[in-house]
Amino acid sequence: MKPGTGKRIINGRDFKEYFHSDVQNMIANLPFAVLDNADQWDVEVNAHGGGIAGQMGAVRLGIARALVANNAEDKSALKKQGLMTRDSRAVE
């Protein structure tokens, strides 16, 4: 993640192309919506394993963690929305 114009790439494809539904795209970009700074960051992600839903959650957590690494003051707002917690469920 780097400062930029709001470009979103996952596995070499645009977020909207990779996450086919608007809901999936919205969930992956939720940390930006909470902080209202979506157009300030370019994101390039490589995700593998699991399914689309798992990758969507991993991307959301990664974005949230990157935003906190950039500005620690954002952590409380993201944590309040439950965006700083990893989903610990696993296939049995």
Side-chain angles (χ1 to χ4, degrees):
M1 199 165 92
K2 60 184 178 182
T5 60
K7 183 172 76 170
R8 310 273 185 273
I9 304 293
I10 183 167
N11 294 343
R13 296 166 41 193
D14 186 75
F15 263 42
K16 291 180 181 178
E17 184 182 315
Y18 192 82
F19 296 127
H20 298 289
S21 87
D22 290 335
V23 173
Q24 291 174 337
N25 193 33
M26 183 218 38
I27 290 171
N29 283 295
L30 196 56
F32 293 121
V34 168
L35 299 176
D36 195 28
N37 63 357
D39 57 341
Q40 297 175 10
W41 297 98
D42 289 344
V43 177
E44 188 169 334
V45 177
N46 291 317
H48 65 279
I52 291 293
Q55 289 181 2
M56 177 183 53
V59 167
R60 183 180 70 186
L61 179 61
I63 290 171
R65 286 181 176 175
L67 288 168
V68 169
N70 181 63
N71 183 0
E73 294 176 4
D74 293 337
K75 186 172 184 174
S76 63
L78 294 169
K79 192 169 185 171
K80 183 186 272 187
Q81 296 296 320
L83 300 176
M84 295 301 298
T85 305
R86 179 183 167 273
D87 184 355
S88 61
R89 294 178 294 176
V91 176
E92 292 184 13

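Start at 1 with the first residue, then count along the sequence.
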Using every non-hydrogen atom in the two residues, find where [X] and [Y] come nearest and quote the distance to one decimal.
{"X": "K75", "Y": "M84", "value": "O-CG, 4.3 Å"}
{"X": "Q24", "Y": "H20", "value": "OE1-N, 3.4 Å"}
{"X": "I10", "Y": "A47", "value": "CD1-CB, 4.1 Å"}

Does some side-chain heavy atom of P31 sit less than 4.5 Å from a side-chain heavy atom of R60?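 Touching, per the 4.5 Å side-chain cut-off.
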
Can you tell which of Y18, F32, F19 makes a side chain to side chain contact (heavy atoms under 4.5 Å, CB included) with R8?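 One option only clears the test, and that one is F32.
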
Measuring from [X]:[atom1] to [Y]:[atom2], what's the distance to the nearest 0.5 Å?
{"X": "D39", "Y": "N37", "atom1": "CG", "atom2": "CG", "value": "7.5 Å"}
{"X": "T85", "Y": "K79", "atom1": "OG1", "atom2": "NZ", "value": "7.0 Å"}
{"X": "L83", "Y": "L30", "atom1": "CG", "atom2": "CG", "value": "5.0 Å"}
{"X": "F15", "Y": "E44", "atom1": "CZ", "atom2": "CD", "value": "10.0 Å"}

Backbone N/O of [Y] and side chain of [X]: donor-acceptor pair under 3.5 Å:
{"X": "D42", "Y": "G6", "result": "yes"}
{"X": "Q55", "Y": "G49", "result": "yes"}
{"X": "D74", "Y": "V68", "result": "no"}

Consider only side-chain heavy atoms of I, L, V, M, F, W and Y, link residues closer than 4.5 Å, and tell whether M56 and I9 are in one cluster.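 Hydrophobic grouping puts M56 apart from I9.
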
Cluster check V23, L61: I/L/V/M/F/W/Y, side chain < 4.5 angstrom: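 Cluster IDs for V23 and L61 differ.
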
Heavy-atom count around D36 CG within 6.0 Å, excluding the residue itself: above 12?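 Open.
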
I63/W41 under side chain to side chain contact (heavy atoms under 4.5 Å, CB included): CA gap, chis, key distance, verdict: CA-CA 10 Å; I63 290 171; W41 297 98; over 6 Å; no

